Amino acid sequence: MKKNEYICSVFIIPHNNKMNKNEQFVITINRELGSGGRTVGRLLAEKLGVPFYDKAVVKALQEKYNLTTAEIEQLKGRKHSWWADVERILKINSGMSIDYYLPKKDDAPDLLTTDEMFQTETLILQDLAVEKSCVVAGRSGFHVFRNHPNHLSILIQASLEYRVERVARKQNMSEDEASKTIERVDKMRENYVKKYTGTSRYDTRNYQLVISADGKTEDEITDMIMNYIG
């Protein structure tokens, strides 16, 4: 079966431990470009009353401090809290439209992120999750929080037809341009995940909940996740 063909719209992978929303938790959402997964993550965070973290938030923190893993460890040693900075960043980003990360055609997949950058992102996200419950979009969250005691891992996918239509509409481009963009981003994200996690982002064993976005609005998908959480 091809990666964009689906037998059912929701696939629940049996897990011994189900996330408890009454305790501090982390929900990670990996998604295909054009599936609406980032929007779902934001809506889910709003319904749960917790922060929503994505590439923009992590990048803003990295740029503010020009962080390395060694500097993060020093900050942790001084019991530094990210929260005041995060609140400001979240307010700044709240009015921005950053549904997609669209790399340039000549971007080399293996040069987008260095080992140091990945380790820095990982430490920032793990530290943020200590502060408060949160929803994290992308950033290989399923791997970063794989040992978290109260973690729900979600994958949101969609058929290629659905994704092409949505990206073309959202980004005001032709369907041919959208299709090429999706192909490029899919390859880059898969290379990223394989390089830094040793697994594929399409491996359903990395998730507790896999959802196809076809025929659903972002609000409907959010409600499905809320019903699953209980």
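Source: prediction; values computed, not measured.
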Nearest heavy atoms of Pro51 and Ala45, plus distance in Å: O-CB, 4.0 Å

Below 4.5 Å, heavy atoms only, C-beta onward: do Met224 and Lys216 meet side chain to side chain? yes

So, does Ser179 use its side chain to make a donor-acceptor pair with the main chain of Glu175 at under 3.5 Å? no

Using atom types as modelled and distance alone, determine if a side-chain donor or acceptor of Gln24 lies under 3.5 Å from a backbone N or O of Val130. yes

Decide side chain to side chain contact (heavy atoms under 4.5 Å, CB included) for Leu33 and Val167; before the verdict, give the C-alpha distance in whole Å, the side-chain angles of both, and the deciding distance to 0.1 Å. CA-CA 8 Å; Leu33 178 66; Val167 171; 4.1 Å; yes

Path from Met226 to Phe52 over hydrophobic side-chain contacts below 4.5 Å: yes

Does the side chain of Ile27 come within less than 4.5 Å of Leu48's, by heavy atoms? yes

Ile221 reachable from Tyr162 in the ILVMFWY side-chain graph, under 4.5 Å edges: no

Main-chain N/O of Ala158 paired to Glu32 side chain as donor or acceptor, under 3.5 Å: yes

Given the rule that I, L, V, M, F, W and Y join up when any side-chain heavy atoms are under 4.5 Å apart, are Val26 and Leu128 in one cluster? yes

What distance separates Ile156 CD1 from Arg38 CZ, expressed to the nearest 0.5 Å? 12.5 Å

State whether the number of non-hydrogen atoms from other residues, nucleotides or ligands found under 6.0 Å of Glu220 atom CD is greater than 12. yes

Taking only residues two or more places apart in sequence or in another chain, which ones pass side chain to side chain donor-acceptor pair (under 3.5 Å) with Gln126? none

Apply the test salt bridge (charged side-chain N to carboxylate O under 4.0 Å, His left out) to residues Arg163 and Asp186: give CA-CA distance (whole Å), side-chain angles for both, the deciding distance (0.1 Å), then the verdict. CA-CA 12 Å; Arg163 298 167 67 200; Asp186 279 352; 2.7 Å; yes

Can you find a pair of side-chain heavy atoms, one from Leu155 and one from Arg201, that are under 4.5 Å apart? no

Asn172 CG: over 12 foreign heavy atoms closer than 6.0 Å: no

Looking only at heavy atoms, which two atoms of Ser140 and Val193 are closest? And how far apart? OG-CG2, 3.8 Å

Hey, is the main chain of Asn20 close enough, under 3.5 Å, to the side chain of Asn150 for a donor-acceptor pair? yes

So, taking the atom named CD1 in Ile154 and the one named CD1 in Ile29, what distance separates them when rounded to the nearest 0.5 Å? 4.5 Å

Counting distance only, does the side-chain N/O of Asn206 pair as donor-acceptor with the main-chain N or O of Asp203 below 3.5 Å? yes

With a 4.5 Å heavy-atom cut-off, do Met173 and Thr181 have their side chains touching? yes

Using every non-hydrogen atom in the two residues, find where Ala178 and Val164 come nearest and quote the distance to one decimal. CB-O, 3.6 Å

Between the side chains of His143 and Thr199, is a donor N or O closer than 3.5 angstrom to an acceptor N or O? no

Taking only residues two or more places apart in sequence, or in another chain, which ones meet Lys21 in a salt bridge (charged side-chain N to carboxylate O under 4.0 Å, His left out)? none

Pairing donors with acceptors under 3.5 angstrom, does anything connect the side chains of Asp214 and Ser212? yes

Check this for me: does any side-chain nitrogen of one of Lys194 and Glu190 sit under 4.0 Å from a carboxylate oxygen of the other? yes

OG1 of Thr28 to CZ of Arg139: how many Å apart, nearest 0.5 Å? 13.0 Å

Using a strict cut-off of less than 4.0 Å between a Lys/Arg side-chain nitrogen and an Asp/Glu carboxylate oxygen, indicate whether Glu218 and Arg166 qualify as a salt bridge. yes

Gap separating the OH atom of Tyr53 from the NZ atom of Lys132, nearest 0.5 angstrom: 7.5 Å

Would you say the side-chain atoms of Ser35 pair up with the backbone N or O of Arg31, donor to acceptor, closer than 3.5 Å? no

Salt bridge present between Lys47 and Asp223 (N-O < 4.0 angstrom): yes

Residues Lys180, Asp176; criterion side chain to side chain contact (heavy atoms under 4.5 Å, CB included); working and verdict: CA-CA 6 Å; Lys180 290 177 180 178; Asp176 183 59; 3.4 Å; yes

Measuring from atom CZ of Phe145 to atom CG of Leu152, what distance do you get when rounded to the nearest 0.5 angstrom? 13.0 Å

As a quick check of understanding, evaluate side chain to side chain contact (heavy atoms under 4.5 Å, CB included) for Phe25 and His148, giving each step before the final call. CA-CA 8 Å; Phe25 62 80; His148 192 283; 5.6 Å; no

For side chain to side chain contact (heavy atoms under 4.5 Å, CB included), just list the numbers for Val40 and Ile225, CA-CA rounded to whole Å, side-chain angles, deciding distance to a tenth of an Å, and then say yes or no. CA-CA 9 Å; Val40 170; Ile225 297 171; 3.8 Å; yes

Closest heavy-atom pair and its distance - Glu23, Ser133: O-OG, 4.0 Å

How long is the gap from CG on Leu160 to CD on Glu165, to the nearest 0.5 Å? 12.0 Å

I'd like to know if Ile182 and Val185 are part of one continuous hydrophobic network [Ile/Leu/Val/Met/Phe/Trp/Tyr, side-chain heavy atoms within less than 4.5 Å]. yes

Carefully, step by step, assess Glu46 and Arg42 under the rule salt bridge (charged side-chain N to carboxylate O under 4.0 Å, His left out). CA-CA 6 Å; Glu46 289 175 0; Arg42 178 178 54 78; 3.4 Å; yes

In one Ile/Leu/Val/Met/Phe/Trp/Tyr side-chain cluster, 4.5 Å: Tyr207, Tyr192: yes

